[in-house]
Amino acid sequence: MGHAHTFWTAAERAAERGGALILRNEDLDPQRCRPEFAQAMIEDLQWLGISWAEGPDCGGPFAPYVQSERRGWYLAAWKTIVERGMIYPCTCSRRDVAQAAGAPNDSDDEPVYSGKCRPQGIVPGDARLRHRETAEAAVATWSGKSDEPAGVNWRFLVPDGEEICFTDLQLGPQRMVAGRDFGDFIVWRRDDVPAYQLAVVVDDAVMGITEVVRGADLLKSTARQVLLFRALGLAVPDYYHCDLARDQVGVRLAKRHDSLSVRRLRELGFSPEQVRAGEIEDLSG
C-alpha cells in the first residue's frame, strides 16, 4: 500500500505538470527481488489505474529500466569516485557498525559509521577528502583488484561538519550535517552489488529525472545523494517526499508489519477507487 500510494502521488504530479511518469524496477537485492514480484507489481499498479510513459514493461529511451541490468553504469560511477578520492574500502560488517554505534538509531536509517576503516590521516571536513591521493592510499591497503569493487564494502567519505541543504517540494527546507546526522555510507557492497544510494543517483542522472517522488523515510538519503551528485559532477533533481501510509492507529504500513498488499485487497473485492482513496477497514484481524 505504501509503495502504491507513493507511485500514485508521482503519477498525479506528473500529470499536473505535463511530465512523463517513469517506473524503474529497483531490484538490486538478490535475496528479496524475484521476476514474479516485479510482474505482480506492474499488474497491481495497472489495476490501480496508473499508466507510465517509460518502464520495464514498455521500454523507453533510457532502457533497461531494471537496475539489475544496469551494472555497467554503476561500475563506471564507482571507478570515477575511486579516482577522485571520495570512497574507500571497508571490512566492517553490519553488526560491527551497529555495535560501534552503541546507542539506538533512527529506525528508518542506518547508524552513523564510526570511521574505523577510514584512511589514516584524514581530517574531518578537510579538502583533502576530495583529492586523488586519498583514493590511492585507501586502495593501496586493499588486497583486491583496483578495477573491481567486489570483496569489501566501499564507503563514501562524507565532509564532516558540512551542512547539506535542499528544499523538499512537500516538506520544505531541509538541513542536515554530514558526520552528525549521517556518516560515511556504503556505495558498493562486499557481495558485489551496488548500493541503493549510488544506483539511484546514476539512474536519475542518466534517465534525465527532474523530480523524484518517494516516501518520507528516505528524506535523509537525499543528503547522501546530493553529495554523490556533486562528486560525479551531476545536476541534482527536485525531491518530493510523501507522508508515509499508516493504519488506523498510526502504525506505518510496511511489509514487515504484515500490512495488506494491493494484491490482497484486490482478492477481497475492493475497487481501485477505494484503494487509491484509502477507504479500507483494518482487516488485519
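In what follows, every heavy atom counts, from backbone to side chain, and hydrogens, waters and symmetry copies are set aside.
- Residues that satisfy the salt bridge (Lys or Arg N to Asp or Glu O under 4.0 Å) test with Asp57, not counting sequence neighbours, are absent from this structure.
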In residues 200-209, what donor-acceptor pairs under 3.5 Å come from side-chain atoms, sequence neighbours left out?
residue	atom	partner	partner atom	Å
Asp203	OD1	Arg70	NE	2.7
Asp203	OD1	Arg70	NH2	3.4
Asp203	OD1	Tyr74	OH	3.2
Asp203	OD2	Gln67	NE2	3.0
Asp203	OD2	Tyr74	OH	2.6
Asp204	OD1	Arg24	NH1	3.0
Asp204	OD1	Arg24	NH2	3.0

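- Evaluation of the side-chain hydrogen bond (donor to acceptor under 3.5 Å, both in side chains) rule for Asp191 yields Arg189 as partners, not counting sequence neighbours.
- Applying the side chain to side chain contact (heavy atoms under 4.5 Å, CB included) test to Thr9 and every residue at least two apart in sequence or in another chain returns His5, Arg13, Val213, Tyr240, Cys242.
- Asp184 contributes no side-chain N or O that, together with a main-chain N or O of Gly115, makes up a donor-acceptor pair within less than 3.5 Å.
- Residues that satisfy the side-chain hydrogen bond (donor to acceptor under 3.5 Å, both in side chains) test with Arg266, not counting sequence neighbours, are Asp44.
- Under the side chain to side chain contact (heavy atoms under 4.5 Å, CB included) criterion, Glu267 pairs with Arg263, Arg264, sequence neighbours left out.
- Not counting sequence neighbours, Gln174 has no partner by the side-chain hydrogen bond (donor to acceptor under 3.5 Å, both in side chains) test.
- Heavy atoms only, all atoms of each residue included: Arg155 and Cys90 are closest at NE-SG, 3.2 Å.
- With sequence neighbours left out, Tyr113 forms a ring-ring contact (aromatic ring centres under 6.0 Å, His included) with no residue at all.
- Contacts of Ala195 classified as side chain to side chain contact (heavy atoms under 4.5 Å, CB included), with partners at least two apart in sequence or in another chain: Ile186.
- For Arg175, the side-chain hydrogen bond (donor to acceptor under 3.5 Å, both in side chains) partners are Glu163, not counting sequence neighbours.
- In terms of the ring-ring contact (aromatic ring centres under 6.0 Å, His included) criterion, residue partners of Trp52 (sequence neighbours excluded) are, by chain and number, Phe7.
- Thr222 meets the side chain to side chain contact (heavy atoms under 4.5 Å, CB included) test with Phe166, Arg214, Val226, Tyr239, His241; sequence neighbours excluded.
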